[in-house]
Each structure stands twice: as C-alpha cells, then as structure tokens.
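See structure below.
Residue numbers start from 1 in every chain, and the chains themselves are labelled A, B, ... in the order their sequence lines are given, proteins ahead of strands.
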There are 2 protein chains.
Amino acid sequence: MAYGSALQALADPTRRQVFERLGKGPMSVGRLAHGLPVSRPAVSQHLKVLKEAGLVAEDREGTRRIYRIDPHGLARLRAWVDQFWETALDAFKAQVEQPDEQPDDEGNSK
Amino acid sequence: MAYGSALQALADPTRRQVFERLGKGPMSVGRLAHGLPVSRPAVSQHLKVLKEAGLVAEDREGTRRIYRIDPHGLARLRAWVDQFWETALDAFKAQVEQPDEQPDDEGNSK
DNA sequence: CACTTCCGTAAGCCATAGCTAACCGTAAGC
DNA sequence: GCTTACGGTTAGCTATGGCTTACGGAAGTG
C-alpha cells in the first residue's frame with residue numbers, strides 16, 4: 001500500500017509544487033520556500049510527508065538540508081498506474097472492435 | 001493541470017477502491033457499492049469526482065449505469081509521472097557515479 | 001397507470017489536513 | 001564562548017472533504 005501514501009502526498013497542490021520544484025534539481029529548504037506561497041515551516045511539513053512517501057530524500061550539508069526526488073516512491077507509483085493502464089487500454093481497444101458485446105459477466109446477482 | 005484532479009481523485013482510499021474495483025471490469029453502481037464499506041450515495045459521489053478527473057466513463061443501460069475506467073485521465077497521469085521518472089533516474093545514476101559532485105548549482109543566494 | 005428498481009443530488013455533520021506563529025536544536029563564524 | 005543562519009516540531013485555528021439520511025427523477029414491470 002505504498003502507492004497510497006504517494007498519491008495522497010501528491011494530491012495537495014502546494015505539496016505538488018514542492019515536488020515539481022525538486023524536479024528541476026536538488027534544492028535547500030530555504031530556497032524551496034522562497035518562491036512558494038506558504039511559509040517555510042509549511043514547506044518543512046510538506047517535505048516530511050513527501051519523504052515518508054518515499055518521493056524525496058535529503059542530503060545534509062552543514063546546517064542545511066538538500067532535498068532531491070527519490071526514484072523509489074516514483075517507481076512504485078508508476079507501477080501502480082501502469083497496471084491499470086494496460087488493462088484499460090486493452091478493454092478500450094476491445095470495445096472499439098466490438099461495441100455491443102459483453103464478455104461473460106452479465107446477469108443480476110441477488 | 002488535468003493531472004492535478006486525477007491525483008486528488010485517487011488520493012482518497014475509498015475512492016481508490018472504487019477505481020481499483022473497476023480495474024477488474026466495468027460494473028454498475030449498485031454492484032460497486034455492494035462490497036464497499038460506504039453507502040451507495042457515497043459511491044455515486046466518488047464516481048462523480050472520478051468522472052470529472054477523466055478517470056472513469058459511464059455507459060447507460062436501461063436504468064443502470066455501467067462504469068468503466070477511462071484511459072484518457074490515466075494517460076495524462078502517466079505522462080506526468082514519467083516526466084519526473086526520467087530525470088530522477090538520470091540524476092540518481094549520475095550521483096551513483098560521482099557521489100560528491102554538484103553539477104553547477106552551488107552558492108548561496110542572499 | 002401504479003409500483004419497483006436504480007441512481008444522482010442536496011443538506012448537514014464531523015474528522016482530517018494544511019496553515020501560521022512560536023519555539024528549540026544544531027552547525028558554522030566571529 | 002556568543003551570535004547568526006538554517007530548518008524541524010508543536011499548538012491551535014480554520015477550511016475542506018467525505019459520510020449519511022432524505023429526497024427526486026427516470027426507466028423497466030405488471
């Protein structure tokens with residue numbers, strides 16, 4: 001259920017901005033906060049959520065922490081999406097070919 | 001900003017269950033609700049959100065509506081994730097090769 | 001034409017999540 | 001040693017969002 005926390009983390013617009021900002025390269029917390037519409041503590045909180053979801057990682061450099069995107073969480077999210085992508089696309093193609101056919105699952109339960 | 005609504009839609013656990021349930025094949029609202037821990041109107045509300053995010057589509061069949069996964073929203077989400085995936089993976093590989101190198105972005109602003 | 005089934009919508013309630021302000025620890029500089 | 005920069009944590013407020021109950025409308029059935 002790791003993809004759940006990733007989806008939840010990326011759902012918030014501000015937090016997604018933090019993440020997208022890191023997509024352009026690693027950055028310190030202060031630099032990250034500067035240019036975002038929220039206070040620095042808020043950015044820290046967002047980073048915590050993103051870190052727990054495996055979406056970012058930190059490197060300490062003196063007194064500052066350099067955050068970067070962590071491929072691990074991204075990989076899990078990608079795998080989850082792909083799983084639906086394949087089957088959905090298959091179903092879509094099948095429906096285009098046979099617009100009025102139900103495979104086998106027709107009939108009311110109860 | 002279409003991927004935003006998709007991420008927001010899939011963030012909620014119950015709504016994600018609805019979506020995942022549709023991953024196994026199209027289903028009516030009643031069937032969908034039966035087996036989920038919430039009431040049928042709640043499922044309807046979730047389906048509305050998913051539909052507005054382009055993640056599901058409906059086919060009317062008499063008085064019942066058959067919902068299925070819509071590839072469109074999924075495609076947009078996939079594209080967004082992949083965009084980060086590529087650059088993050090590149091950066092990751094680069095860091096493994098040169099663990100203590102900063103490309104060019106070092107120096108304090110302000 | 002009742003009557004039933006299926007489902008979307010509205011109103012209202014309550015828990016959660018994001019924000020700010022204040023505080024504290026840690027590392028560097030003098 | 002003191003002081004400053006950096007950033008994580010807490011407390012408390014408010015808004016958002018998901019849930020249920022109640023209602024209404026549309027399509028099949030007799």
| note | From CD of E61(A) across to P of dA5(D) the rounded distance in Å is 18 Å
| Nearest heavy-atom neighbours spanning L74(A) and F19(A) | CD1-CZ, 3.9 Å
| If only side-chain N and O atoms of T14(B) are considered, is one of them under 4.0 Å from the OP1 or OP2 phosphate oxygen of dG18(D)? | no
| request: List the protein contact pattern of nucleotides 7-16 of chain D with one symbol per nucleotide (5' to 3'): B for base contact, S for sugar-phosphate-only contact, - for none; contact means a heavy-atom distance under 4.0 Å. | output: BBBB------
| query | Looking only at heavy atoms, what is the nearest atom pair of A88(A) and P71(B), with distance? | reply | O-CG, 4.1 Å
| note | Paired to dG29(C) by Watson-Crick or G-U wobble criteria (both distances under 3.5 Å) is dC2(D)
| remark: Partner of V18(A) under side-chain contact (heavy atoms from CB on, under 4.5 Å), picked from V38(A), V49(A), L36(A), is L36(A)
| field | Rounded distance in Å - CZ (F19(B)) to P (dG18(D)) | value | 16 Å
| message | Just the rounded figure in Å: distance from C1' of dA15(C) to CG of D12(B). | response | 13 Å
| query | Which heavy-atom pair separates M27(A) from R21(A) by the least distance, and what is that distance? | reply | CE-O, 3.5 Å
| message | Show, in sequence, the C-alpha distance, side-chain angles and deciding distance for V43(A) and L47(A), and conclude whether the side-chain contact (heavy atoms from CB on, under 4.5 Å) test is met. | response | CA-CA 6 Å; V43(A) 174; L47(A) 286 168; 3.9 Å; yes
| query | OP1 or OP2 of dC19(C) less than 4.0 angstrom from a side-chain nitrogen or oxygen of H46(A), does that happen here? | reply | yes
| Over all atoms of both residues, closest heavy-atom pair of L10(A) and W80(B) | CD1-CZ3, 3.9 Å
| Would you say S39(B) reaches dT20(D)'s phosphate, i.e. side-chain N/O to OP1/OP2 under 4.0 Å? | yes
| query | How close or far is atom C1' of dG18(D) from atom CD of Q17(B), stated in whole angstroms? | reply | 14 Å
| What's the CG-P distance between L32(B) and dC7(C), to the nearest Å? | 9 Å
